[in-house]
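Not measured: the values here are computed from a predicted model.
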2 protein chains.
Amino acid sequence: MNAKTSYFSGSAQLPKNCLSHVSVDCIILGYHDKQMKILCTEIKGMPRPKLPGGFVEKKENVDDAAYRVLEERTGLKGVFLKQFKTYGNANRTAEQTANMKHLLKKQNVNAAAMNWILDRFISVAYYALTEFSKVTLKDNFIDGESRWYDIHNMPPLIIDHEDMVRDALKILRLQIHNEPIGYNLLPSKFTLPELQALYEAILDKKLDQRNFTKKLMSLNIIKKLNEKKHIGGHRSPTLYKFNKRNYDKALKDGVALAL
Amino acid sequence: MNAKTSYFSGSAQLPKNCLSHVSVDCIILGYHDKQMKILCTEIKGMPRPKLPGGFVEKKENVDDAAYRVLEERTGLKGVFLKQFKTYGNANRTAEQTANMKHLLKKQNVNAAAMNWILDRFISVAYYALTEFSKVTLKDNFIDGESRWYDIHNMPPLIIDHEDMVRDALKILRLQIHNEPIGYNLLPSKFTLPELQALYEAILDKKLDQRNFTKKLMSLNIIKKLNEKKHIGGHRSPTLYKFNKRNYDKALKDGVALAL
DNA sequence: TCAAAAGTGTTCAATGTACACCCATGC
DNA sequence: GCATGGGTGTACATTGAACACTTTTGA
(Lines give C-alpha, C1' and ligand atoms only; values in the text may rest on other atoms or scores of the structure.)
Protein backbone atom coordinates (compact mmCIF):
# COMPACT_ATOMS: atom_id res chain seq x y z
CA MET A 1 0.00 0.00 0.00
CA ASN A 2 1.64 3.21 -1.07
CA ALA A 3 0.57 6.79 -0.78
CA LYS A 4 -0.90 6.88 -4.27
CA THR A 5 -3.54 4.28 -3.52
CA SER A 6 -3.91 4.89 0.18
CA TYR A 7 -6.95 5.94 2.11
CA PHE A 8 -5.96 9.54 1.80
CA SER A 9 -5.38 10.12 -1.85
CA GLY A 10 -6.73 9.37 -5.26
CA SER A 11 -10.32 9.95 -4.28
CA ALA A 12 -12.75 12.23 -6.04
CA GLN A 13 -13.53 13.59 -2.62
CA LEU A 14 -10.69 15.92 -1.94
CA PRO A 15 -10.79 17.77 1.33
CA LYS A 16 -11.04 21.11 -0.37
CA ASN A 17 -14.29 20.01 -2.03
CA CYS A 18 -15.94 18.73 1.11
CA LEU A 19 -17.57 20.18 4.17
CA SER A 20 -15.61 19.75 7.34
CA HIS A 21 -17.16 18.02 10.34
CA VAL A 22 -19.97 16.41 8.35
CA SER A 23 -20.15 12.89 6.99
CA VAL A 24 -22.81 10.48 5.81
CA ASP A 25 -22.99 6.78 6.58
CA CYS A 26 -25.21 4.24 4.87
CA ILE A 27 -26.71 1.08 6.23
CA ILE A 28 -27.05 -0.73 2.92
CA LEU A 29 -29.28 -3.72 3.50
CA GLY A 30 -29.07 -6.33 0.80
CA TYR A 31 -31.72 -8.94 0.27
CA HIS A 32 -31.63 -12.05 -1.84
CA ASP A 33 -32.97 -15.56 -1.52
CA LYS A 34 -34.36 -15.11 1.99
CA GLN A 35 -31.18 -13.62 3.34
CA MET A 36 -30.57 -10.14 4.73
CA LYS A 37 -27.05 -8.79 4.55
CA ILE A 38 -25.34 -5.55 5.40
CA LEU A 39 -22.62 -3.98 3.35
CA CYS A 40 -19.49 -3.08 5.28
CA THR A 41 -16.05 -2.03 4.23
CA GLU A 42 -12.68 -2.84 5.60
CA ILE A 43 -9.74 -0.49 5.47
CA LYS A 44 -6.31 -1.96 5.83
CA GLY A 45 -4.80 -0.71 9.05
CA MET A 46 -8.11 0.01 10.74
CA PRO A 47 -9.04 -2.38 13.51
CA ARG A 48 -12.62 -3.15 12.54
CA PRO A 49 -14.89 -2.85 9.51
CA LYS A 50 -17.15 0.14 9.09
CA LEU A 51 -20.25 1.15 7.23
CA PRO A 52 -19.81 2.69 3.81
CA GLY A 53 -19.69 6.42 4.24
CA GLY A 54 -18.39 9.55 2.73
CA PHE A 55 -18.17 13.28 2.93
CA VAL A 56 -20.45 15.97 1.63
CA GLU A 57 -19.23 18.06 -1.22
CA LYS A 58 -19.45 21.77 -0.73
CA LYS A 59 -22.32 22.27 -3.13
CA GLU A 60 -23.96 18.90 -2.66
CA ASN A 61 -27.17 18.18 -0.75
CA VAL A 62 -26.55 15.83 2.17
CA ASP A 63 -29.18 13.44 0.82
CA ASP A 64 -27.39 13.42 -2.51
CA ALA A 65 -24.09 12.65 -0.81
CA ALA A 66 -25.67 9.58 0.79
CA TYR A 67 -27.12 8.62 -2.55
CA ARG A 68 -23.73 9.04 -4.18
CA VAL A 69 -22.09 6.79 -1.57
CA LEU A 70 -24.76 4.17 -2.18
CA GLU A 71 -24.30 4.36 -5.91
CA GLU A 72 -20.52 4.32 -5.74
CA ARG A 73 -20.63 1.15 -3.68
CA THR A 74 -23.37 -0.78 -5.37
CA GLY A 75 -23.64 0.69 -8.83
CA LEU A 76 -27.39 0.83 -8.26
CA LYS A 77 -29.64 3.78 -8.98
CA GLY A 78 -33.16 4.44 -7.88
CA VAL A 79 -32.79 2.51 -4.67
CA PHE A 80 -34.92 3.28 -1.63
CA LEU A 81 -32.79 5.41 0.69
CA LYS A 82 -33.93 7.11 3.86
CA GLN A 83 -32.30 9.38 6.39
CA PHE A 84 -33.06 8.09 9.87
CA LYS A 85 -30.79 9.71 12.45
CA THR A 86 -27.81 11.96 12.95
CA TYR A 87 -25.00 10.92 15.24
CA GLY A 88 -23.31 13.86 16.88
CA ASN A 89 -21.54 12.88 20.05
CA ALA A 90 -18.40 14.89 20.56
CA ASN A 91 -16.11 11.94 21.10
CA ARG A 92 -17.64 9.57 18.60
CA THR A 93 -14.77 9.75 16.14
CA ALA A 94 -12.00 9.91 18.72
CA GLU A 95 -10.99 6.29 18.32
CA GLN A 96 -11.09 6.51 14.54
CA THR A 97 -9.03 9.69 14.61
CA ALA A 98 -6.36 8.02 16.72
CA ASN A 99 -6.19 5.12 14.29
CA MET A 100 -5.96 7.47 11.37
CA LYS A 101 -3.14 9.44 12.89
CA HIS A 102 -1.30 6.18 13.22
CA LEU A 103 -2.04 5.28 9.61
CA LEU A 104 -0.99 8.69 8.34
CA LYS A 105 2.29 8.37 10.14
CA LYS A 106 2.96 4.94 8.69
CA GLN A 107 2.18 6.20 5.22
CA ASN A 108 4.23 9.33 5.61
CA VAL A 109 1.26 11.48 4.73
CA ASN A 110 1.58 15.07 5.78
CA ALA A 111 -0.72 15.13 8.80
CA ALA A 112 -1.11 18.89 8.71
CA ALA A 113 -2.69 18.71 5.26
CA MET A 114 -5.01 16.05 6.59
CA ASN A 115 -6.15 17.93 9.65
CA TRP A 116 -9.62 18.23 8.27
CA ILE A 117 -10.11 14.48 8.52
CA LEU A 118 -8.64 14.22 11.97
CA ASP A 119 -11.21 16.56 13.38
CA ARG A 120 -14.52 15.69 14.89
CA PHE A 121 -17.32 14.53 12.57
CA ILE A 122 -21.02 14.30 12.94
CA SER A 123 -22.66 11.74 10.72
CA VAL A 124 -26.03 11.78 9.05
CA ALA A 125 -27.11 8.16 8.72
CA TYR A 126 -29.29 6.58 6.04
CA TYR A 127 -30.58 3.13 5.35
CA ALA A 128 -31.15 1.62 1.95
CA LEU A 129 -32.83 -1.51 0.69
CA THR A 130 -31.17 -3.29 -2.22
CA GLU A 131 -31.16 -6.59 -4.02
CA PHE A 132 -27.65 -7.84 -3.38
CA SER A 133 -27.53 -10.20 -6.33
CA LYS A 134 -27.82 -7.13 -8.59
CA VAL A 135 -24.86 -5.50 -6.91
CA THR A 136 -21.32 -5.65 -8.18
CA LEU A 137 -19.30 -4.64 -5.19
CA LYS A 138 -16.88 -1.84 -5.81
CA ASP A 139 -14.06 -0.95 -3.53
CA ASN A 140 -12.94 2.59 -3.35
CA PHE A 141 -9.90 4.44 -2.23
CA ILE A 142 -11.51 6.36 0.50
CA ASP A 143 -13.33 3.57 2.14
CA GLY A 144 -11.59 0.29 1.46
CA GLU A 145 -12.87 -3.07 0.44
CA SER A 146 -16.58 -3.86 0.45
CA ARG A 147 -18.18 -7.02 1.74
CA TRP A 148 -21.62 -8.31 2.63
CA TYR A 149 -22.15 -9.62 6.15
CA ASP A 150 -25.08 -11.69 7.23
CA ILE A 151 -27.28 -9.64 9.49
CA HIS A 152 -27.07 -12.31 12.19
CA ASN A 153 -23.34 -12.58 12.02
CA MET A 154 -21.92 -9.08 12.04
CA PRO A 155 -18.39 -8.38 13.13
CA PRO A 156 -17.76 -5.60 15.65
CA LEU A 157 -17.70 -2.29 13.77
CA ILE A 158 -15.82 0.89 14.48
CA ILE A 159 -17.10 3.76 16.61
CA ASP A 160 -20.88 3.95 16.77
CA HIS A 161 -21.56 2.00 13.59
CA GLU A 162 -23.06 -0.90 15.48
CA ASP A 163 -25.52 1.51 17.06
CA MET A 164 -26.34 2.75 13.59
CA VAL A 165 -27.11 -0.76 12.39
CA ARG A 166 -29.25 -1.49 15.41
CA ASP A 167 -31.12 1.81 15.09
CA ALA A 168 -31.63 1.39 11.35
CA LEU A 169 -33.07 -2.09 11.74
CA LYS A 170 -35.33 -0.96 14.54
CA ILE A 171 -36.64 1.97 12.53
CA LEU A 172 -37.00 -0.07 9.34
CA ARG A 173 -38.98 -2.70 11.22
CA LEU A 174 -41.31 -0.01 12.49
CA GLN A 175 -41.57 1.80 9.17
CA ILE A 176 -42.46 -1.36 7.34
CA HIS A 177 -45.90 -1.11 8.90
CA ASN A 178 -46.48 2.22 7.21
CA GLU A 179 -44.62 1.93 3.95
CA PRO A 180 -44.80 -0.60 1.15
CA ILE A 181 -41.54 -2.36 0.36
CA GLY A 182 -40.40 -4.71 -2.33
CA TYR A 183 -40.36 -2.68 -5.47
CA ASN A 184 -36.60 -2.74 -5.94
CA LEU A 185 -36.06 -5.94 -4.03
CA LEU A 186 -38.01 -8.39 -6.15
CA PRO A 187 -38.18 -9.14 -9.86
CA SER A 188 -40.91 -7.27 -11.66
CA LYS A 189 -42.97 -10.46 -11.51
CA PHE A 190 -42.86 -12.25 -8.20
CA THR A 191 -44.86 -14.75 -6.18
CA LEU A 192 -46.59 -14.23 -2.87
CA PRO A 193 -44.25 -16.64 -1.07
CA GLU A 194 -41.33 -14.58 -2.36
CA LEU A 195 -42.84 -11.38 -1.05
CA GLN A 196 -43.58 -13.01 2.27
CA ALA A 197 -40.01 -14.29 2.56
CA LEU A 198 -38.83 -10.72 2.05
CA TYR A 199 -41.00 -9.44 4.88
CA GLU A 200 -39.87 -12.32 7.06
CA ALA A 201 -36.22 -11.57 6.38
CA ILE A 202 -36.65 -7.93 7.31
CA LEU A 203 -38.76 -8.55 10.37
CA ASP A 204 -36.70 -11.61 11.27
CA LYS A 205 -39.75 -13.64 12.13
CA LYS A 206 -42.17 -16.06 10.53
CA LEU A 207 -45.50 -14.75 9.34
CA ASP A 208 -48.78 -16.58 8.89
CA GLN A 209 -49.19 -17.35 5.21
CA ARG A 210 -52.94 -16.89 4.98
CA ASN A 211 -53.05 -13.70 7.01
CA PHE A 212 -50.14 -12.27 5.04
CA THR A 213 -51.85 -12.93 1.73
CA LYS A 214 -55.08 -11.41 2.98
CA LYS A 215 -53.40 -8.23 4.23
CA LEU A 216 -51.19 -7.67 1.22
CA MET A 217 -54.07 -8.12 -1.17
CA SER A 218 -56.17 -5.64 0.81
CA LEU A 219 -53.52 -2.92 0.29
CA ASN A 220 -54.22 -2.90 -3.46
CA ILE A 221 -50.57 -2.48 -4.31
CA ILE A 222 -50.07 -5.85 -5.98
CA LYS A 223 -51.95 -7.38 -8.87
CA LYS A 224 -52.41 -11.04 -9.65
CA LEU A 225 -51.25 -12.07 -13.11
CA ASN A 226 -52.48 -14.88 -15.31
CA GLU A 227 -49.10 -16.54 -15.09
CA LYS A 228 -47.45 -19.07 -12.86
CA LYS A 229 -43.84 -19.37 -11.98
CA HIS A 230 -42.24 -22.69 -12.71
CA ILE A 231 -40.33 -23.75 -9.62
CA GLY A 232 -40.10 -27.48 -10.24
CA GLY A 233 -40.98 -30.25 -7.88
CA HIS A 234 -43.85 -28.29 -6.41
CA ARG A 235 -47.04 -26.62 -7.29
CA SER A 236 -46.43 -23.56 -9.46
CA PRO A 237 -47.10 -20.34 -7.57
CA THR A 238 -49.01 -17.50 -9.19
CA LEU A 239 -47.08 -14.45 -10.30
CA TYR A 240 -47.93 -10.94 -9.17
CA LYS A 241 -46.67 -7.51 -10.02
CA PHE A 242 -46.77 -4.21 -8.20
CA ASN A 243 -49.31 -1.65 -9.24
CA LYS A 244 -46.79 1.15 -9.45
CA ARG A 245 -49.33 3.92 -9.22
CA ASN A 246 -50.86 2.56 -6.00
CA TYR A 247 -47.44 1.60 -4.69
CA ASP A 248 -46.14 5.13 -5.07
CA LYS A 249 -49.31 6.51 -3.54
CA ALA A 250 -48.81 4.15 -0.60
CA LEU A 251 -45.19 5.29 -0.27
CA LYS A 252 -46.35 8.87 -0.10
CA ASP A 253 -49.46 8.53 2.03
CA GLY A 254 -48.49 5.57 4.13
CA VAL A 255 -50.30 2.30 4.62
CA ALA A 256 -51.58 0.44 7.65
CA LEU A 257 -50.13 -3.01 7.73
CA ALA A 258 -50.10 -4.89 10.99
CA LEU A 259 -47.75 -7.83 10.88
CA MET B 1 -27.79 48.60 17.67
CA ASN B 2 -24.04 48.83 17.85
CA ALA B 3 -21.37 46.23 17.30
CA LYS B 4 -21.13 45.44 21.00
CA THR B 5 -24.69 44.18 21.23
CA SER B 6 -25.15 43.06 17.68
CA TYR B 7 -25.93 39.64 16.30
CA PHE B 8 -22.27 38.92 15.92
CA SER B 9 -20.72 39.70 19.24
CA GLY B 10 -21.19 39.27 22.95
CA SER B 11 -22.33 35.70 22.67
CA ALA B 12 -20.89 32.76 24.55
CA GLN B 13 -20.76 31.03 21.19
CA LEU B 14 -17.73 32.45 19.58
CA PRO B 15 -16.83 31.11 16.18
CA LYS B 16 -13.58 29.66 17.40
CA ASN B 17 -15.46 27.48 19.89
CA CYS B 18 -17.96 26.13 17.43
CA LEU B 19 -18.02 23.59 14.64
CA SER B 20 -18.34 25.06 11.20
CA HIS B 21 -21.18 23.97 8.90
CA VAL B 22 -23.29 22.49 11.69
CA SER B 23 -26.17 24.06 13.53
CA VAL B 24 -29.10 22.92 15.63
CA ASP B 25 -32.63 24.27 15.46
CA CYS B 26 -35.37 23.65 17.98
CA ILE B 27 -39.09 23.50 17.48
CA ILE B 28 -40.09 24.46 20.99
CA LEU B 29 -43.75 23.71 21.38
CA GLY B 30 -45.39 25.44 24.30
CA TYR B 31 -48.63 24.29 25.79
CA HIS B 32 -50.88 26.05 28.26
CA ASP B 33 -54.60 26.33 28.76
CA LYS B 34 -55.53 24.35 25.64
CA GLN B 35 -53.26 26.34 23.38
CA MET B 36 -50.25 25.15 21.40
CA LYS B 37 -47.63 27.73 20.58
CA ILE B 38 -44.26 27.72 18.90
CA LEU B 39 -41.31 29.76 20.01
CA CYS B 40 -39.71 31.87 17.31
CA THR B 41 -37.18 34.63 17.37
CA GLU B 42 -36.84 37.76 15.39
CA ILE B 43 -33.57 39.38 14.52
CA LYS B 44 -33.60 43.02 13.59
CA GLY B 45 -32.63 43.34 9.97
CA MET B 46 -33.68 39.84 9.02
CA PRO B 47 -36.80 39.63 6.90
CA ARG B 48 -38.69 36.92 8.76
CA PRO B 49 -38.64 35.22 12.17
CA LYS B 50 -36.78 31.96 12.65
CA LEU B 51 -36.69 29.05 15.01
CA PRO B 52 -34.37 29.27 17.97
CA GLY B 53 -31.11 27.70 17.01
CA GLY B 54 -27.45 27.71 17.70
CA PHE B 55 -24.12 26.24 16.94
CA VAL B 56 -22.35 23.24 18.32
CA GLU B 57 -19.32 23.83 20.49
CA LYS B 58 -16.23 21.94 19.53
CA LYS B 59 -16.40 19.53 22.44
CA GLU B 60 -20.14 19.45 22.83
CA ASN B 61 -22.50 16.65 21.82
CA VAL B 62 -25.00 17.79 19.23
CA ASP B 63 -27.87 16.70 21.48
CA ASP B 64 -26.40 18.80 24.27
CA ALA B 65 -26.16 21.81 21.99
CA ALA B 66 -29.88 21.52 21.25
CA TYR B 67 -30.55 21.16 24.94
CA ARG B 68 -28.46 24.23 25.66
CA VAL B 69 -30.40 26.26 23.08
CA LEU B 70 -33.65 25.14 24.67
CA GLU B 71 -32.44 26.02 28.13
CA GLU B 72 -31.01 29.38 27.09
CA ARG B 73 -34.35 30.33 25.59
CA THR B 74 -36.77 29.01 28.12
CA GLY B 75 -34.77 28.66 31.34
CA LEU B 76 -36.28 25.18 31.61
CA LYS B 77 -34.38 22.03 32.40
CA GLY B 78 -35.45 18.42 32.10
CA VAL B 79 -37.73 19.12 29.17
CA PHE B 80 -38.58 16.45 26.64
CA LEU B 81 -36.39 17.03 23.59
CA LYS B 82 -36.05 14.81 20.56
CA GLN B 83 -33.98 14.88 17.43
CA PHE B 84 -36.22 14.26 14.46
CA LYS B 85 -34.47 15.18 11.21
CA THR B 86 -31.40 16.77 9.70
CA TYR B 87 -31.73 19.39 7.00
CA GLY B 88 -28.82 19.38 4.62
CA ASN B 89 -29.72 20.93 1.30
CA ALA B 90 -26.80 22.77 -0.21
CA ASN B 91 -28.63 26.01 -0.82
CA ARG B 92 -30.77 26.05 2.29
CA THR B 93 -28.89 28.88 3.95
CA ALA B 94 -28.23 30.89 0.84
CA GLU B 95 -30.94 33.44 1.50
CA GLN B 96 -29.95 33.80 5.13
CA THR B 97 -26.32 34.24 4.15
CA ALA B 98 -27.21 37.02 1.75
CA ASN B 99 -29.16 38.81 4.47
CA MET B 100 -26.33 38.41 6.89
CA LYS B 101 -23.81 39.84 4.52
CA HIS B 102 -26.03 42.86 4.24
CA LEU B 103 -26.31 43.12 8.02
CA LEU B 104 -22.58 42.74 8.52
CA LYS B 105 -21.96 45.53 6.11
CA LYS B 106 -24.42 47.84 7.84
CA GLN B 107 -22.83 47.07 11.18
CA ASN B 108 -19.30 47.48 9.91
CA VAL B 109 -18.38 44.04 11.13
CA ASN B 110 -15.30 42.60 9.53
CA ALA B 111 -16.80 40.10 7.12
CA ALA B 112 -13.61 38.14 6.78
CA ALA B 113 -13.63 37.29 10.48
CA MET B 114 -17.24 36.21 10.06
CA ASN B 115 -16.71 33.96 7.11
CA TRP B 116 -17.54 30.91 9.17
CA ILE B 117 -21.13 32.07 9.57
CA LEU B 118 -21.54 32.97 5.94
CA ASP B 119 -20.80 29.47 4.83
CA ARG B 120 -23.23 26.70 4.26
CA PHE B 121 -24.85 25.04 7.30
CA ILE B 122 -26.61 21.80 7.81
CA SER B 123 -29.03 21.78 10.68
CA VAL B 124 -29.96 19.01 13.06
CA ALA B 125 -33.53 19.69 14.16
CA TYR B 126 -35.18 18.83 17.46
CA TYR B 127 -38.60 19.30 18.92
CA ALA B 128 -39.39 19.97 22.55
CA LEU B 129 -42.56 20.03 24.60
CA THR B 130 -42.80 22.72 27.26
CA GLU B 131 -45.34 24.43 29.46
CA PHE B 132 -45.21 27.99 28.21
CA SER B 133 -46.58 29.58 31.36
CA LYS B 134 -43.45 28.33 33.14
CA VAL B 135 -41.20 30.00 30.61
CA THR B 136 -39.65 33.40 31.04
CA LEU B 137 -38.60 34.30 27.56
CA LYS B 138 -35.02 35.34 27.20
CA ASP B 139 -33.62 37.11 24.24
CA ASN B 140 -30.07 36.53 23.30
CA PHE B 141 -27.49 38.27 21.25
CA ILE B 142 -27.05 35.60 18.71
CA ASP B 143 -30.61 34.95 17.95
CA GLY B 144 -32.69 38.01 18.69
CA GLU B 145 -35.97 38.47 20.45
CA SER B 146 -38.15 35.50 21.39
CA ARG B 147 -41.88 35.28 20.97
CA TRP B 148 -44.59 32.64 21.08
CA TYR B 149 -46.78 32.21 18.02
CA ASP B 150 -50.02 30.33 17.97
CA ILE B 151 -49.58 27.15 16.01
CA HIS B 152 -52.48 28.08 13.74
CA ASN B 153 -51.22 31.53 13.07
CA MET B 154 -47.56 31.29 12.22
CA PRO B 155 -45.78 33.96 10.25
CA PRO B 156 -43.63 32.95 7.30
CA LEU B 157 -40.23 31.84 8.62
CA ILE B 158 -36.81 32.04 7.05
CA ILE B 159 -35.26 29.32 4.89
CA ASP B 160 -36.64 25.85 5.59
CA HIS B 161 -37.92 26.58 9.08
CA GLU B 162 -41.53 26.22 8.02
CA ASP B 163 -40.72 22.74 6.72
CA MET B 164 -39.15 21.99 10.07
CA VAL B 165 -42.29 23.00 11.91
CA ARG B 166 -44.48 20.99 9.61
CA ASP B 167 -42.22 17.93 9.88
CA ALA B 168 -41.93 18.24 13.66
CA LEU B 169 -45.69 18.39 14.11
CA LYS B 170 -46.22 15.47 11.79
CA ILE B 171 -43.68 13.34 13.61
CA LEU B 172 -44.88 14.38 17.05
CA ARG B 173 -48.44 13.47 16.10
CA LEU B 174 -47.25 10.05 15.03
CA GLN B 175 -44.97 9.53 18.01
CA ILE B 176 -47.71 10.38 20.45
CA HIS B 177 -49.19 6.97 19.73
CA ASN B 178 -46.06 5.30 21.02
CA GLU B 179 -44.85 7.58 23.77
CA PRO B 180 -46.53 8.94 26.85
CA ILE B 181 -46.64 12.73 27.09
CA GLY B 182 -47.67 15.18 29.73
CA TYR B 183 -45.12 14.83 32.46
CA ASN B 184 -43.60 18.26 32.02
CA LEU B 185 -46.67 19.81 30.51
CA LEU B 186 -49.13 19.48 33.33
CA PRO B 187 -49.01 20.23 37.06
CA SER B 188 -47.98 17.28 39.19
CA LYS B 189 -51.67 16.79 40.00
CA PHE B 190 -53.98 17.14 37.05
CA THR B 191 -57.45 16.15 35.91
CA LEU B 192 -58.41 13.86 33.08
CA PRO B 193 -60.06 16.70 31.14
CA GLU B 194 -56.79 18.62 31.40
CA LEU B 195 -54.85 15.68 30.04
CA GLN B 196 -57.36 15.20 27.25
CA ALA B 197 -57.17 18.88 26.31
CA LEU B 198 -53.39 18.49 26.01
CA TYR B 199 -53.75 15.56 23.62
CA GLU B 200 -56.40 17.45 21.67
CA ALA B 201 -54.13 20.49 21.35
CA ILE B 202 -51.26 18.39 20.05
CA LEU B 203 -53.35 16.31 17.69
CA ASP B 204 -55.48 19.31 16.78
CA LYS B 205 -58.69 17.32 16.97
CA LYS B 206 -61.41 16.45 19.42
CA LEU B 207 -61.28 13.10 21.19
CA ASP B 208 -64.07 11.05 22.69
CA GLN B 209 -64.07 11.59 26.42
CA ARG B 210 -65.04 8.09 27.49
CA ASN B 211 -62.72 6.31 25.11
CA PHE B 212 -59.87 8.61 26.08
CA THR B 213 -60.34 7.88 29.77
CA LYS B 214 -60.54 4.16 29.13
CA LYS B 215 -57.34 4.11 27.06
CA LEU B 216 -55.29 6.30 29.34
CA MET B 217 -56.27 4.30 32.39
CA SER B 218 -55.34 1.06 30.63
CA LEU B 219 -51.77 2.32 30.11
CA ASN B 220 -51.17 2.30 33.86
CA ILE B 221 -49.17 5.49 33.74
CA ILE B 222 -51.60 7.65 35.71
CA LYS B 223 -53.02 7.09 39.16
CA LYS B 224 -56.30 8.36 40.54
CA LEU B 225 -55.95 10.38 43.74
CA ASN B 226 -58.42 10.83 46.54
CA GLU B 227 -58.64 14.51 45.76
CA LYS B 228 -60.73 16.71 43.58
CA LYS B 229 -59.81 19.93 41.89
CA HIS B 230 -61.95 22.89 42.71
CA ILE B 231 -62.87 24.56 39.45
CA GLY B 232 -65.96 26.50 40.51
CA GLY B 233 -69.33 26.53 38.85
CA HIS B 234 -69.05 22.90 37.89
CA ARG B 235 -68.60 19.48 39.27
CA SER B 236 -65.13 19.05 40.75
CA PRO B 237 -62.98 16.78 38.63
CA THR B 238 -60.82 14.09 40.20
CA LEU B 239 -57.10 14.68 40.36
CA TYR B 240 -54.56 12.23 38.98
CA LYS B 241 -50.81 12.02 39.03
CA PHE B 242 -48.34 10.22 36.82
CA ASN B 243 -46.81 7.03 38.06
CA LYS B 244 -43.29 8.09 37.24
CA ARG B 245 -41.86 4.59 37.24
CA ASN B 246 -44.41 3.32 34.73
CA TYR B 247 -44.24 6.57 32.78
CA ASP B 248 -40.49 6.26 32.33
CA LYS B 249 -40.87 2.63 31.43
CA ALA B 250 -43.45 3.61 28.83
CA LEU B 251 -41.10 6.29 27.47
CA LYS B 252 -38.41 3.70 27.08
CA ASP B 253 -40.42 0.73 25.84
CA GLY B 254 -43.16 2.54 24.01
CA VAL B 255 -46.89 2.27 24.42
CA ALA B 256 -49.74 1.45 22.11
CA LEU B 257 -52.26 4.22 22.18
CA ALA B 258 -54.66 4.52 19.30
CA LEU B 259 -56.35 7.88 19.24
C1' DT C 1 -46.82 -42.41 -4.62
C1' DC C 2 -44.28 -39.37 -2.09
C1' DA C 3 -42.27 -35.04 -0.67
C1' DA C 4 -42.55 -30.23 -0.72
C1' DA C 5 -44.55 -25.99 -1.37
C1' DA C 6 -48.94 -23.32 -2.88
C1' DG C 7 -53.39 -21.99 -2.05
C1' DT C 8 -57.63 -21.12 0.33
C1' DG C 9 -61.82 -19.54 4.87
C1' DT C 10 -63.57 -19.62 9.23
C1' DT C 11 -63.74 -18.88 14.10
C1' DC C 12 -62.62 -16.43 18.09
C1' DA C 13 -60.54 -12.69 20.73
C1' DA C 14 -59.21 -8.08 21.19
C1' DT C 15 -59.57 -3.57 20.09
C1' DG C 16 -61.68 0.60 18.34
C1' DT C 17 -65.76 3.48 17.91
C1' DA C 18 -70.04 5.45 18.60
C1' DC C 19 -73.12 7.02 21.69
C1' DA C 20 -76.55 9.39 26.22
C1' DC C 21 -77.69 10.23 30.62
C1' DC C 22 -77.03 11.69 35.36
C1' DC C 23 -73.99 14.28 38.67
C1' DA C 24 -71.81 18.14 41.04
C1' DT C 25 -71.17 22.92 41.50
C1' DG C 26 -71.81 28.01 41.78
C1' DC C 27 -74.47 31.61 40.40
C1' DG D 1 -83.18 25.95 38.84
C1' DC D 2 -80.10 26.45 35.33
C1' DA D 3 -75.91 26.41 32.90
C1' DT D 4 -71.65 24.12 32.52
C1' DG D 5 -68.49 20.69 32.50
C1' DG D 6 -67.43 15.88 34.88
C1' DG D 7 -68.12 11.16 35.05
C1' DT D 8 -69.61 6.61 33.72
C1' DG D 9 -70.90 1.66 30.44
C1' DT D 10 -72.65 -0.84 26.59
C1' DA D 11 -73.30 -2.50 21.88
C1' DC D 12 -71.50 -2.97 17.51
C1' DA D 13 -67.98 -3.09 13.96
C1' DT D 14 -63.39 -3.83 12.70
C1' DT D 15 -59.21 -5.95 12.99
C1' DG D 16 -55.88 -9.35 14.36
C1' DA D 17 -54.59 -14.16 15.34
C1' DA D 18 -54.91 -18.95 15.22
C1' DC D 19 -55.56 -22.79 12.64
C1' DA D 20 -55.81 -27.62 8.55
C1' DC D 21 -56.66 -29.58 4.54
C1' DT D 22 -56.40 -30.00 -0.54
C1' DT D 23 -53.79 -29.08 -4.81
C1' DT D 24 -49.92 -29.13 -7.83
C1' DT D 25 -45.61 -30.67 -9.39
C1' DG D 26 -41.51 -33.56 -10.44
C1' DA D 27 -38.69 -37.07 -8.92
Beyond-backbone contact of [X] with [Y], side-chain heavy atoms, under 4.5 angstrom:
{"X": "B/N89", "Y": "A/V62", "value": "no"}
{"X": "B/F132", "Y": "B/I28", "value": "no"}
{"X": "A/L169", "Y": "A/Y127", "value": "no"}
{"X": "A/T130", "Y": "A/L39", "value": "no"}
{"X": "A/N220", "Y": "A/N243", "value": "no"}

A/Y240 vs B/A256, nearer the 5' end of DNA chain C by closest nucleotide: A/Y240
Any side-chain N or O of A/K224 less than 4.0 Å from the OP1 or OP2 oxygen of C/dT8? yes
Less than 4.0 angstrom between a side-chain N/O of A/T238 and OP1 or OP2 of C/dG7, yes or no?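 True: A/T238 side-chain N/O within range (under 4.0 Å) of C/dG7 OP1/OP2.
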Return a single string for nucleotides 19-27 of chain C, one symbol per nucleotide in 5' to 3' order, where B is base contact, S is sugar-phosphate-only contact and - is none, cutoff 4.0 angstrom on heavy atoms. BB--BBBS-
Derivation of the salt bridge (Lys or Arg N to Asp or Glu O under 4.0 Å) call for B/R166 and B/E162: CA-CA 6 Å; B/R166 190 168 33 245; B/E162 286 180 64; 5.5 Å; no
Over its full length, what angle do the end axes of the helix from C/dT1-D/dA27 to C/dC27-D/dG1 make, each axis taken from five pairs and the result rounded to 10 degrees?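 Between the first-five-pair axis and the last-five-pair axis there is 10°.
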Report the C-alpha separation of B/K77 and B/E71 in whole Å, then their side-chain angles, then the decisive distance to 0.1 Å, and conclude whether the salt bridge (Lys or Arg N to Asp or Glu O under 4.0 Å) test is met. CA-CA 6 Å; B/K77 294 190 177 218; B/E71 204 179 312; 3.5 Å; yes
Any residue meeting ring pair (Phe, Tyr, Trp, His ring centres under 6.0 Å) with A/Y247, in chain and number order, not counting sequence neighbours: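 A/Y247 satisfies ring pair (Phe, Tyr, Trp, His ring centres under 6.0 Å) with A/Y183, A/F242 only.
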B/F121: what forms a ring pair (Phe, Tyr, Trp, His ring centres under 6.0 Å) with it, not counting sequence neighbours?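 With sequence neighbours excluded, B/F121 shows a ring pair (Phe, Tyr, Trp, His ring centres under 6.0 Å) to B/F55, given in chain and number order.
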Going by side-chain hydrogen bond (donor to acceptor under 3.5 Å, both in side chains), A/Y87 matches just one of A/D163, A/D167, A/T93, A/D160. Which one? A/D167
Within this structure, what is the [atom1]-to-[atom2] distance between [X] and [N], rounded to whole angstrom?
{"X": "A/L216", "N": "C/dG7", "atom1": "CG", "atom2": "C1'", "result": "15 Å"}
{"X": "A/F212", "N": "C/dT8", "atom1": "CZ", "atom2": "C1'", "result": "16 Å"}
{"X": "A/L239", "N": "C/dG7", "atom1": "CG", "atom2": "C1'", "result": "14 Å"}

Taking side-chain hydrogen bond (donor to acceptor under 3.5 Å, both in side chains) as the cut-off, I'd like each qualifying pair that reaches into residues 24-36 of chain A, sequence neighbours left out, listed once.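 Listed by first then second residue: A/D25-A/S123, A/H32-A/E131, A/H32-A/S133, A/Q35-A/K37.
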Would you kindly compare A/K215 and B/T213 by the position of their nearest DNA chain D nucleotide and give the one closer to the 5′ end? B/T213
Using chain B heavy atoms and a threshold of under 4.0 Å, write down where along DNA chain D the contacts begin and end, 5' to 3'.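 The protein-touched segment is D/dA3 to D/dT10.
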